[in-house]
Trainee: 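I am attaching a structure below and will ask some questions about it afterwards.
A note on names: the letters A, B, ... follow the listed sequences, proteins ahead of strands, and every chain is numbered from 1.
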Protein chains: 2
Amino acid sequence: MEISEKNKSFVYHFGEMGSKWGFNRTVGQMYALLVITDKPITANELASTLNISRGNVSMGIKELQAWKLVQVTHVPGDRKEYYNAIGSVMDMANIVFEERRKREVDPTLSLLRNLLLDTPETDSEVYAQQRMKDIHDLLEMITTWASELQKLTPEQLNTVMKLGAGVTKILSVKQALFSKKENEH
Amino acid sequence: MEISEKNKSFVYHFGEMGSKWGFNRTVGQMYALLVITDKPITANELASTLNISRGNVSMGIKELQAWKLVQVTHVPGDRKEYYNAIGSVMDMANIVFEERRKREVDPTLSLLRNLLLDTPETDSEVYAQQRMKDIHDLLEMITTWASELQKLTPEQLNTVMKLGAGVTKILSVKQALFSKKENEH
DNA sequence: CACAAGTTTCAATAATTTCTGAAAGTTTAA
DNA sequence: TTAAACTTTCAGAAATTATTGAAACTTGTG
């Protein structure tokens with residue numbers, strides 16, 4: 001499979017980025033290539049295009065499947081497996097966030113809850129626990145919010161996202177509604 | 001410096017987590033220890049408490065300072081440097097997000113903008129560019145949102161977070177109000 | 001200045017992670 | 001049932017990253 005210079009720089013860049021987001025370089029490259037390629041690709045094509053071994057591709061695909069980021073398809077009359085990236089870019093982001101929540105945030109919350117169970121004795125224990133509670137509450141707020149957002153339909157989500165700079169305006173609208181309702185009582 | 005079993009498990013856990021968030025294990029441990037410790041700590045205390053070398057501490061502190069996550073203080077009549085974690089837990093989260101944006105997202109956006117400059121020729125180029133554009137737009141949206149949220153006061157932020165999916169309700173009300181005003185013209 | 005009390009640097013080494021490629025495993029079809 | 005066409009596995013090699021510790025550096029003080 002031939003790859004253009006542009007696509008090459010995209011693929012290499014996301015290889016490096018991947019390594020900061022929980023994948024290794026080659027897994028990042030494989031996924032990047034799958035994302036920008038229209039038709040499904042075989043393992044051998046991935047290997048030769050990226051100059052990596054066949055075994056490495058096999059393990060990388062396995063990992064991407066564990067992340068639910070790639071799909072296997074078959075071409076009639078062909079025994080090879082064809083791989084492609086699942087869903088829209090937004091879907092991908094959701095999957096990665098969700099999966100990292102499960103792998104990193106959930107165990108952290110569970111540890112923190114445990115550590116927060118019994119009451120602190122000394123001043124320094126009080127301090128440490130307060131910090132742990134702050135971390136716990138922040139993580140919980142972020143994950144709650146994220147899962148709320150994931151409940152929205154794509155259109156609703158889009159509306160909310162486009163809001164951008166307007167968040168504060170919404171707050172004032174809410175304020176207005178709220179005080180109005182209060183007055184009606 | 002003595003460290004309780006609880007604090008030890010906190011510190012070790014955040015050492016592992018740190019390695020998924022852009023730090024290495026010992027830097028994560030050092031930071032975790034600084035975060036839950038009330039009074040500032042010396043480099044030698046960090047080294048002996050965490051069983052790591054003095055040189056390692058020196059490099060770790062340097063990195064945490066580059067992230068603007070720790071501060072140096074001095075005790076009168078003492079030549080040693082005392083370190084402590086800067087700000088609230090929310091401040092820390094903001095700093096880490098902001099810094100990762102600078103280091104990872106900004107270069108990615110700049111690469112993508114470059115790749116999107118000239119017009120695609122073939123169908124597969126059109127497809128690749130569309131994907132790159134989707135990624136670009138999503139990253140831009142997320143960073144816009146993040147910087148908006150950072151501008152909010154803790155209370156406002158809390159309101160927005162608690163609002164969650166309820167944002168859409170407010171939005172539809174806003175929509176209604178807006179079109180009413182339009183009609184009044 | 002000279003020295004003591006500290007911190008930083010960095011070459012060498014250790015630890016960890018990633019990658020390869022050959023062998024083993026699986027599946028389909030004749 | 002056999003063989004061809006493919007995929008997976010995994011031990012060892014290579015590459016990368018983290019850590020140590022001793023030497024160099026810096027700074028404050030008598």
Trainee: What is the nucleic acid contact for Arg54(B), judged by heavy atoms within less than 4.0 Å: base, sugar-phosphate only, or nothing?
Mentor: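 Base, at least one base atom sits under 4.0 Å.
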Trainee: Separation of Asn56(A) atom CG from dA14(D) atom P, in whole Å?
Mentor: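 Value for this atom pair: 16 Å.
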Trainee: Using nucleotides 24-29 of chain D, report all nitrogen or oxygen pairs with the protein that are shorter than 3.5 Å.
Mentor:
{"residue": "dT27(D)", "atom": "O2", "partner": "Arg79(B)", "partner atom": "NH2", "Å": "2.8"}

Trainee: Whether Thr26(A) contacts dT18(C) is assessed here as follows: a side-chain N or O lying under 4.0 Å from the phosphate OP1 or OP2. Is that the case?
Mentor: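 Negative; the distance criterion is not met.
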Trainee: What is the distance, rounded to the nearest whole Å, between atom CG of Leu46(A) and atom P of dT8(D)?
Mentor: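 The answer, rounded to whole Å, is 12 Å.
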Trainee: Please report, rounded to the nearest Å, how far the P atom of dG21(C) is from the CE atom of Met59(A).
Mentor: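 Interatomic distance, CE of Met59(A) to P of dG21(C): 15 Å.
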Trainee: Heavy atoms under 4.0 Å, any strand shown: does Ile52(A) hit a base, just sugar-phosphate, or nothing?
Mentor: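 The answer is sugar-phosphate, as Ile52(A) gets under 4.0 Å only of primed atoms, P, OP1 or OP2.
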Trainee: Counting just side-chain N and O atoms, does Asn24(A) come under 4.0 Å of either OP1 or OP2 of dC19(C)?
Mentor: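 Answer is yes, contact under 4.0 Å.
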Trainee: To the nearest Å, give me how far apart CZ (Arg25(A)) and C1' (dT20(C)) are.
Mentor: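 After rounding, the reported distance stands at 14 Å.
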Trainee: For atom CE of Met59(A), decide whether the heavy atoms of other residues, nucleotides or ligands shown that lie under 6.0 angstrom number more than 12.
Mentor: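 No, not enclosed.
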Trainee: Is any side-chain N or O of Lys62(B) closer than 4.0 Å to OP1 or OP2 of dT9(C)?
Mentor: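 Yes, because at least one side-chain N or O of Lys62(B) sits under 4.0 Å from OP1 or OP2 of dT9(C).
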Trainee: A quick test of your reading: do over 12 heavy atoms of other residues, nucleotides or ligands sit less than 6.0 Å from CG of Asp123(A)?
Mentor: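 Count not over threshold, so no.
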Trainee: Where the side chain of Thr73(B) meets the backbone of Tyr82(B), is there a donor-acceptor pair that is under 3.5 Å apart?
Mentor: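 Checked: pair present.
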Trainee: Which of these nucleotides, dT8(C), dT20(D), dC19(C), is closest to any side-chain atom of Ser53(B)?
Mentor: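 Looking only at side-chain atoms, Ser53(B) lies closest to dT20(D).
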Trainee: Does one side chain, of Asp91(B) or Ser88(B), offer a donor that lies under 3.5 Å from an acceptor on the other?
Mentor: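 Yes.
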Trainee: Would you indicate whether Asp78(B), at its atom CG, is surrounded by more than 12 heavy atoms from other residues, nucleotides or ligands within a distance under 6.0 Å?
Mentor: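 Yes, the 6.0 Å shell around CG holds more than 12 heavy atoms from other groups.
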Trainee: Rounded to the nearest angstrom, tell me the gap between atom CD in Glu63(B) and atom C1' in dA18(D).
Mentor: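 My rounded result for the distance is 11 Å.
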Trainee: Would you mind reading off the distance between Lys80(A) atom NZ and dA4(D) atom P, rounded to a whole angstrom?
Mentor: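 Taking atom P of dA4(D) as the reference, NZ of Lys80(A) is at 17 Å.
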Trainee: What verdict does the ring-ring contact (aromatic ring centres under 6.0 Å, His included) test give for Phe23(A) and Trp67(A), after you've listed the backbone C-alpha separation in whole Å, the side-chain angles of each residue and the deciding distance to 0.1 Å?
Mentor: CA-CA 10 Å; Phe23(A) 308 107; Trp67(A) 280 84; 4.8 Å; yes
Trainee: Less than 3.5 Å apart, any donor N or O on the side chain of Glu81(B) or Tyr83(B) sitting next to an acceptor on the other?
Mentor: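 Short answer, yes.
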